[in-house]
Amino acid sequence: MTSTHQRASGADVERGPGRWLALAVLVLAVLLVAVDATVLGLATPYISEDLKPSGTQLLWIGDVYSFVIAGLLVSMGSLGDRIGRKKLLLTGAVAFGAVSVLNAYATTPELMILARALLGVAGATLMPSTLALIRNIFHDPRERSLAVGIWGAMASAGAAVGPVVGGFLLEHFWWGSVFLINLPVMAVLVLVGIKLLPESKNPASGPWDLVSVALSLIGMIAVVYAIKEAAAHGLRWDVVVAAVIGAAALTWFVRRQLTLPAPLLDMRLFRNRGFSGAVLADLLTVLGLSGLVFFLSQFLQLVQGRRPFEAGLAELPAAVGAVGAGLIAGMVARRFSVRVVVAGGLAAVGLALAALTGLSEHTGYPLLGASLLVVGIGAGFSFTVTADVILSSVPKEQAGAASAVSETAYELGAALGIALLGSIVTGVYRDFTAPAGTPPDVASASHESLGGAVESVTALPPHEADALLAAARTAFVDGLSLAATVGAAVLLATAVAAWFLLKGQKLGESPLPPEDDAP
């Protein structure tokens, strides 16, 4: 049970404007993690030039952050339920700021990989804590829907603002600046959060099972690694071993949760059709989107020749759509129904991706911008309502663990999307035929990636360089069009599944009764 002082403090937050100020602090953390997830892509060429990592090291610099976050989200969500979500959030925020400095001033590829991994550990404490605190601060379901909408809108805005901010910084400062922007935001979050955020935790949580933590970490990292490596390099022996280890660890994790009196993750949550349907919708939506958006950034820069800052601005309609839809998603879901909004949002994203299947090097911005706007609106409706459903489907004592499941679905979907749709783009791209007379070393570098082609043709005469680049860009666009086709099919199929899985699902209509563990 919480103390009388804690209950009084929580009541003050709920009655006055304090809960909205607390929400403002929480969305700062969300904005930061979202920006950090997208800003590195633009900085990678500069990091590569400065630190001179090998190809494998460069992949680990890009991937280890998402590997560690995916592996630790469930464990950190459960830890917040046990020790206190405010305590975990503020501790993680301090660590995130400190490790950002290590990232900015890394001098070797090995140190950069370590710094990115540590940033993943800190990042894993932030996202589940923010959603869980929203679940405990906002007891009125209508207010909570709006709060979740604002939370989701800031996550979407951060993902889109990342390339814009990163592009501006990289054009004016050195690559480490993209990490140092974390410091002032984290300072505000910690200083204001200490005063405004109420503490909350599960009063009967039981011990934190370290065996389950290890199984979750090993299982998720091994599975995500196997998916990414299989997509990039095919089924090697190490990929098969990683897949087997990951599957075995996750199976053991599930079986262990079903026998523990105080599990890290209550697997019975998945018996709730609304909860399972919302998690599945999240995972498949991100799968369909992430690979395409990842390669669309390359299309804008390497095919259409836009500068990083300009490419970032070109992707802003997605954020505008997501922010607008997120803010009204709860109201629309109550006016119509949860399944209409989620399935309709997914279908809109699928149709927008279908419109990109006819992409060419000379596709005008009106089509791209309109498609991105529809993608943002559809994703904003879907993500906001599914997050609300996930939070509403569980007792608030388990809010951290439930939030972590939602975030894990997001991270796993992103890894699967980039790996599976990325393998389609890469597979089509690598089959292009270099013009006759192209030096073998240039042809080899060009077939690795479009970025490699752009870099390697500088050694060729202009007419040969133009011919090679034209062939490479055509192949890349062909791969992107095929990936858009597959992504559209995945999203439309997910829309149909969501229509049936979310049948009868409703958002709450009246305030929940107060409980002793309320913040």
Testing the basics here: between Ala242 and Ala226, what is the closest heavy-atom pair and its distance to 0.1 Å? CB-CB, 4.2 Å
Exam field: side chain Ser382 to backbone Ala379, donor-acceptor pair closer than 3.5 Å: no
Please tell me if the side chains of Val332 and Val385 come closer than 4.5 Å, counting only heavy atoms from C-beta onward. no
Carefully, step by step, assess Ser100 and Leu119 under the rule side chain to side chain contact (heavy atoms under 4.5 Å, CB included). CA-CA 7 Å; Ser100 293; Leu119 201 64; 3.8 Å; yes
So which heavy atom on Ala347 is nearest to which on Ala495, and how close? N-CB, 3.8 Å
Test your reading of the model: is there a side-chain donor-acceptor pair from Thr494 to the backbone of Val490, 3.5 Å cut-off? yes
Do Val374 and Val349 touch side chain to side chain, with heavy atoms closer than 4.5 Å? no
More than 12 non-hydrogen atoms from neighbouring residues, nucleotides or ligands closer than 6.0 Å to OH on Tyr365, yes or no? yes
Does the side chain of Leu367 come within less than 4.5 Å of Ser371's, by heavy atoms? yes
Does any part of the side chain of Phe173, heavy atoms only, come nearer than 4.5 Å to the side chain of Val178, both counted from C-beta? no
Enumerate, atom names and distances included, each donor-acceptor pair closer than 3.5 Å involving a side-chain atom of residues 477-486, sequence neighbours excluded.
unit_1: Ser481; atom_1: OG; unit_2: Thr357; atom_2: O; d: 3.3
unit_1: Ser481; atom_1: OG; unit_2: Val477; atom_2: O; d: 3.0
unit_1: Thr485; atom_1: OG1; unit_2: Ser481; atom_2: O; d: 3.0

Less than 4.5 Å apart, side chain to side chain, heavy atoms only: is that true for Leu351 and Leu491? no
Taking Gln304 for the side chain and Thr363 for the main chain, is one N or O donor matched with an acceptor at less than 3.5 Å? yes
To check you understand the geometry: which heavy-atom pair defines the closest contact between Ala93 and Leu189, and what is its length? CB-CD2, 3.9 Å
Which atom pair, heavy atoms only, marks the closest approach of Gly378 to Ala348? CA-CB, 4.3 Å
So which heavy atom on Pro317 is nearest to which on Ala314, and how close? CD-O, 3.3 Å
CG-CG distance between Leu368 and Leu356, expressed to the nearest 0.5 angstrom: 6.5 Å
Taken to the nearest 0.5 Å, the spacing of Arg116 CZ from Ile113 CD1 works out to 11.0 Å
When you compare the side chain of Leu23 with that of Phe138, does any pair of heavy atoms fall below 4.5 Å? yes
So Trp174 and Leu180, side chain to side chain contact (heavy atoms under 4.5 Å, CB included) or not? Walk me through it. CA-CA 11 Å; Trp174 105 111; Leu180 294 183; 3.5 Å; yes
With heavy-atom distances below 4.5 Å as the criterion, would you say the side chains of Ile328 and Phe381 are in contact? yes
Are Leu89 and Leu133 side-chain neighbours, meaning at least one heavy-atom pair lies under 4.5 Å? yes
Distance, nearest 0.5 Å, that separates CG of Leu26 from CD1 of Ile150: 11.0 Å
Measuring from atom CZ of Phe336 to atom CE of Met331, what distance do you get when rounded to the nearest 0.5 angstrom? 9.5 Å
Roughly how far, to the nearest 0.5 Å, is CE of Met112 from CG of Asn103? 4.5 Å
Which heavy atom of Ile137 sits nearest a heavy atom of Ala22, and at what distance? CD1-CB, 4.0 Å
How long is the span from the OG atom in Ser216 to the CZ atom in Phe253, to the nearest 0.5 Å? 5.0 Å
With a cut-off of 3.5 Å and sequence neighbours excluded, list every side-chain donor-acceptor pair involving residues 274-284.
unit_1: Ser276; atom_1: OG; unit_2: Phe270; atom_2: O; d: 2.5
unit_1: Ser276; atom_1: OG; unit_2: Asn272; atom_2: O; d: 3.4
unit_1: Asp282; atom_1: OD1; unit_2: Thr386; atom_2: OG1; d: 2.7
unit_1: Asp282; atom_1: OD2; unit_2: Ser406; atom_2: OG; d: 3.4

